[in-house]
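A quick write-up on the structure given underneath.
In what follows, every chain begins at residue 1, and chains take the letters A, B, ... in the order their sequences are listed. Note that the coordinates shown come from a computational prediction; the quantities given were computed from them, not determined experimentally. For the numbers below, each heavy atom of this structure counts, side chains included, while hydrogens, waters and symmetry mates do not.
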Protein chains: 2
Amino acid sequence: MMQDEQLSLTLRALGHPVRLEILRILMARADSCCCNDVTDCLSLAQSTVSQHLKVLLDAGIIERKAQGTRNNYCVRTDRLEAFGTSVARYLEQLGNQAICEKSLASAS
Amino acid sequence: MMQDEQLSLTLRALGHPVRLEILRILMARADSCCCNDVTDCLSLAQSTVSQHLKVLLDAGIIERKAQGTRNNYCVRTDRLEAFGTSVARYLEQLGNQAICEKSLASAS
DNA sequence: ATCTTCCATCGTATATTTACGATAGAAGAT
DNA sequence: ATCTTCTATCGTAAATATACGATGGAAGAT
């Protein structure tokens, strides 16, 4: 199922506490912010933060915009919303499946 | 933040297409099912499926019940629901953070 | 007792992830 | 032109994840 590939990719991208925190940092700013700004909020090397940003970028969760000498990142809230919807739908379908099967079982 | 550890653990556990599928398989049965049943539905070795089940088990998403010679697994729907809630709350808080910051910015 | 079934675990191989320091190149400042 | 700042990328090391076959031990069947 192709949908699962995309969903699991996003789940994995969010499956690290540092990346959950990075999204918070990015969102808690009216102005978009750069790698250094994020690094200042975390006790991690700049290269490590850059790597985490890349994971989020590759998963389509954040966006990069070159701005002079710096790269600004911002969260793609539309994608996050879509993710929330996908999770909800997945869980819902799991539940429906169960209900469906159970009624079949009790009918037989 | 300790909450993030738990959430990211669950996100990672769900962050593999095979495991998303395994949960579907487990849910699509009125009777709980064993490792072999799951393996029959997938083109993977039994040991691999067992490993995936262990990841889900360690994350508290499924439950194991010894039943004679076989081990039956079933989904802990309460945990899945809690996960759904956690995701929703995380996303919501991200959004609120942004709104809060933006209104502060426009007020200054 | 013997046989079969079930399956967690071990050993192994490969790939990916996570972290760091070092570095190079781009852009702006002096 | 030179200097500084920013940061993606490379190289590296250690840890995890993913897959497989083989195996041993538990439980039920013959």
Side-chain angles (χ1 to χ4, degrees), chain A residues 1 4-26 29 31-75, chain B residues 1 4-26 29 31-75:
Chain A
M1 204 170 289
D4 282 2
E5 290 292 340
Q6 176 57 44
L7 178 54
S8 65
L9 179 74
T10 309
L11 286 163
R12 241 174 304 138
L14 294 176
H16 193 294
V18 166
R19 291 196 287 269
L20 291 180
E21 186 60 22
I22 286 178
L23 291 186
R24 277 202 200 90
I25 293 167
L26 290 180
R29 307 214 160 202
D31 50 335
S32 58
C33 67
C34 68
C35 182
N36 262 2
D37 295 336
V38 178
T39 304
D40 287 344
C41 302
L42 301 167
S43 43
L44 284 171
Q46 175 267 324
S47 56
T48 304
V49 173
S50 185
Q51 227 170 0
H52 280 300
L53 286 170
K54 186 164 160 44
V55 173
L56 293 168
L57 196 63
D58 288 347
I61 300 171
I62 64 175
E63 203 168 11
R64 179 196 292 169
K65 289 172 188 163
Q67 199 157 77
T69 175
R70 64 186 62 197
N71 275 334
N72 280 341
Y73 290 93
C74 60
V75 177
Chain B
M1 205 171 288
D4 283 2
E5 290 292 339
Q6 177 56 44
L7 178 55
S8 65
L9 178 74
T10 309
L11 286 163
R12 239 174 306 138
L14 294 176
H16 194 294
V18 165
R19 291 195 287 267
L20 292 180
E21 185 61 22
I22 286 178
L23 291 186
R24 277 202 200 90
I25 294 167
L26 290 181
R29 307 212 160 203
D31 50 334
S32 58
C33 67
C34 66
C35 182
N36 261 3
D37 294 338
V38 177
T39 304
D40 287 345
C41 301
L42 300 168
S43 44
L44 285 171
Q46 176 266 324
S47 56
T48 304
V49 173
S50 184
Q51 228 170 359
H52 280 300
L53 287 170
K54 185 165 162 43
V55 173
L56 293 168
L57 196 61
D58 289 346
I61 300 171
I62 64 175
E63 202 170 11
R64 179 196 290 169
K65 290 172 187 163
Q67 198 156 79
T69 176
R70 65 186 61 197
N71 275 334
N72 279 343
Y73 290 93
C74 60
V75 178

(message) Students should find this one: the first and last nucleotides of DNA chain D, 5' to 3', lying under 4.0 Å from a heavy atom of chain B. What are they?
(response) D:dT18 to D:dG28
Look up atom [atom1] in [X] and atom [atom2] in [Y], then write down how far apart they are to the nearest 0.5 Å.
{"X": "B:I22", "Y": "B:R24", "atom1": "CD1", "atom2": "CZ", "value": "11.5 Å"}
{"X": "A:I25", "Y": "A:L20", "atom1": "CD1", "atom2": "CG", "value": "11.0 Å"}
{"X": "B:L9", "Y": "B:I61", "atom1": "CG", "atom2": "CD1", "value": "7.5 Å"}

What pairs of nitrogen or oxygen atoms, one from the protein and one from nucleotides 14-24 of chain C, lie under 3.5 Å apart?
unit_1, atom_1, unit_2, atom_2, d
C:dT18, OP2, A:R19, NH1, 3.0
C:dT18, OP2, A:R19, NH2, 3.4
C:dA19, OP2, A:H52, NE2, 2.5
C:dA19, N7, A:Q51, OE1, 3.0
C:dC20, OP2, A:A45, N, 2.9
C:dC20, OP2, A:T48, OG1, 2.8
C:dG21, N7, A:S47, OG, 3.2
C:dG21, O6, A:S47, OG, 3.3

(request) Keeping to residues at least two apart or across chains, list the side-chain hydrogen bond (donor to acceptor under 3.5 Å, both in side chains) pairs with something in residues 60-71 of chain B. (result) B:R64-B:Y73, B:Q67-B:N72
Any heavy-atom pair between the side chains of [Y] and [X] that's under 4.5 Å?
{"X": "A:V55", "Y": "A:H16", "answer": "no"}
{"X": "A:L26", "Y": "A:C74", "answer": "no"}
{"X": "A:L23", "Y": "A:L14", "answer": "yes"}

(message) Rounded to whole Å, please give me the gap between CG in B:D37 and C1' in C:dC6.
(response) 11 Å
(request) Find the bend of the helix from C:dA1-D:dT30 to C:dT30-D:dA1 as the angle between its two terminal axes (five pairs each), to the nearest 10°. (result) 10°
(request) Taking all heavy atoms of A:L57 and all of A:I62, pick out the closest pair and write down the distance. (result) CD1-O, 3.4 Å
(request) Mind listing the residues from residues 57-73 of chain A sitting with a heavy atom below 4.0 Å of DNA chain D? Number order is fine. (result) A:R64, A:T69, A:R70, A:N71, A:Y73
Throw together a table of side-chain donor-acceptor distances under 3.5 angstrom for residues 38-54 of chain B, partners on residues two or more places apart or in other chains.
unit_1, atom_1, unit_2, atom_2, d
B:T39, OG1, B:C35, O, 2.8
B:H52, ND1, B:R19, NH1, 3.0
B:K54, NZ, B:D58, OD2, 3.2

(request) Quick one: which residue pairs count as a salt bridge (charged side-chain N to carboxylate O under 4.0 Å, His left out) with a foot in residues 7-18 of chain A, not counting sequence neighbours? (result) none
